[in-house]
Trainee: 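One structure follows; several queries about it will come next.
Here is the naming used below: chain letters follow the sequence lines, and residue numbers restart at 1 for every chain. The analysis underlying the following values was restricted to heavy atoms, covering all of them including side chains, and did not include hydrogens, waters or symmetry mates.
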Amino acid sequence: MPELPEVETTRLGLLPHLVGQQIQALILRRYDLRWPIPRQLPELLAQQRIKCLDRRAKYLLLTTSHGSALIHLGMTGVLRILAAPGEPGPHDHWDLRLENGWVLRYSDPRRFGCLLWQAPGQIHPLLARLGPEPLSEAFTGELLWQRSRGRKVAVKIFLMDQSNVVGVGNIYASESLFAAGIDPARAAGRISCIRYARLAVAVRDTLRRAIRRGGTTLHDFHQPDGQPGYFYQDLSVYDRQGQACRHCGAPIRQRQLGQRASYYCPHCQH
DNA sequence: AACGAATCCTGTGCGC
DNA sequence: TGCGCACAGGATTCGT
């Protein structure tokens, strides 16, 4: 669920609660997320003041003077900020207790998320090979065009490859390709520079609109205050197979690409 | 090198 | 209503 807009929504919701706060304790209940949580993490974070909360790709970086905690939400991870936390449920894997009594609680049924550590001046291997941020100047259609020359892979797969551009997952890849009028199954290497320029604009616009709506809630995702994201109502193609295209009225189709469901309008996308 | 597929987990929703 | 199966928003790793 959590693609760039959901992670950014989480970050924005947490910012006023976390930055400047001192950490009282990190309580770990399970270590076996996607990768094991480093055992020394509670020691590294205790009594430290949170300097900033940044986002790189779909990772959140919670930074103190000792280094940064790297948080990824995987498929089903949710961060909530709680004034009066109840008893933790079976999927509440860790709590970050703050000086003021509030608690940042991480919940993740599938445990595809992670909590890792990055020392100052170092770049974690998971962050090393990431492509440009889609909302930055570095992300352009020309870059996508250059990188895709000779590639036979479907453009949707190409767009979801985090070494080409970060933050775009299954939902926003489908949505952006619809907005750009490009068939998701088309070979990435057979799309013109002009059309990639259109796609880059579509990606940026789609992500920005989704952030404004607080992300997309299909099942699990919630904002830190418990609210769902409202972009679901704005989806053009994702999860709309059989329904009328909002642009031309043709029925939206679904097909498998790279073992993942893709949604598109057969009339508007070529 | 590039691509396809398996993999890590649990929950849900569907068809029978 | 109960059961089994397919599938789910991510992304690394492995085999061809």
Trainee: Could you walk me through whether A:I171 and A:L218 satisfy the side-chain contact (heavy atoms from CB on, under 4.5 Å) test, starting with their C-alpha distance in whole Å, then the side-chain angles of each, then the deciding distance to 0.1 Å, before giving a yes or no?
Mentor: CA-CA 10 Å; A:I171 294 177; A:L218 288 180; 3.8 Å; yes
Trainee: Rounding to a whole Å, what distance do you find between A:R129:CZ and C:dG10:P?
Mentor: 20 Å
Trainee: How about CD on A:E99, more than 12 heavy atoms from neighbouring residues, nucleotides or ligands closer than 6.0 Å, or not?
Mentor: yes
Trainee: For a 4.0 angstrom threshold against heavy atoms of chain A, report the outermost contacting nucleotides of DNA chain B in 5' to 3' order.
Mentor: B:dA2 to B:dG11
Trainee: Could you state the atom-to-atom distance from CZ of A:R111 to C1' of C:dA11 in whole Å?
Mentor: 17 Å
Trainee: Where do A:F178 and A:H247 land on the side-chain contact (heavy atoms from CB on, under 4.5 Å) test, with the steps shown first?
Mentor: CA-CA 10 Å; A:F178 172 80; A:H247 186 247; 4.3 Å; yes
Trainee: Does the Lys NZ or Arg CZ of A:R39 fall within the cation-pi geometry relative to A:Y31 - under 6.0 Å from the ring centre and within 45° of the axis?
Mentor: yes
Trainee: Judged by modelled atom types alone, do A:R147 and A:N164 share a side-chain donor-acceptor pair under 3.5 Å?
Mentor: yes
Trainee: Please check the phosphate of C:dC7 (OP1 and OP2 only) for any side-chain N or O of A:R260 closer than 4.0 Å.
Mentor: no
Trainee: Using atom CG of A:L257 as one end and atom P of C:dA8 as the other, report the distance to the nearest whole Å.
Mentor: 12 Å
Trainee: Nearest whole Å is fine: how far is C:dT12 C1' from A:Y59 OH?
Mentor: 9 Å
Trainee: Could you please name the partner base of B:dT10, counting Watson-Crick and G-U wobble pairs only when both distances are under 3.5 Å?
Mentor: C:dA8
Trainee: Under 4.0 angstrom, heavy atoms only, what part of the nucleic acid is A:R34 near: base, sugar-phosphate, or nothing?
Mentor: base
Trainee: On DNA chain C, check which nucleotide each of A:Y263 and A:Q162 is closest to and give me the residue with the more 5' one.
Mentor: A:Y263
Trainee: For A:M160 and C:dT12, what is the distance between atoms CE and C1' respectively, to the nearest whole Å?
Mentor: 14 Å
Trainee: Counting only heavy atoms not in A:R129 (residues, nucleotides, ligands), do more than 12 fall under 6.0 Å from its CZ?
Mentor: no
Trainee: Between B:dA6 and C:dA6, how far apart are the P atoms? Round to whole Å, please.
Mentor: 13 Å
Trainee: Does A:H72 put a side-chain nitrogen or oxygen below 4.0 Å from OP1 or OP2 of C:dA11?
Mentor: yes
Trainee: Mind calculating the distance between CG (A:L4) and P (C:dG10) to the nearest angstrom?
Mentor: 12 Å
Trainee: Mind calculating the distance between CD (A:Q259) and P (C:dC7) to the nearest angstrom?
Mentor: 11 Å
Trainee: Measure from NE2 on A:H124 to P on C:dT12 and round the result to the nearest Å.
Mentor: 11 Å
Trainee: How do A:P109 and A:R149 order along DNA chain B: which one's closest nucleotide is nearer the 5' end?
Mentor: A:R149
Trainee: Would A:F112 count as stacked on C:dA11 if the rule is ring centres under 5.5 Å and plane angle under 30°?
Mentor: no
Trainee: Considering every strand and a 4.0 Å limit on heavy-atom distances, what is the contact class for A:I157: base, sugar-phosphate, or nothing?
Mentor: nothing
Trainee: What I want to find out is whether A:R111 reaches A:D32 closely enough, with some N-O distance under 4.0 Å, to be called a salt bridge.
Mentor: yes
Trainee: Can A:Y172 and A:E6 be counted as having a side-chain donor-acceptor contact under 3.5 angstrom?
Mentor: yes
Trainee: Taking B:dA5 as the reference, what is the distance to C:dC7 when you measure between their P atoms (whole Å, please)?
Mentor: 14 Å
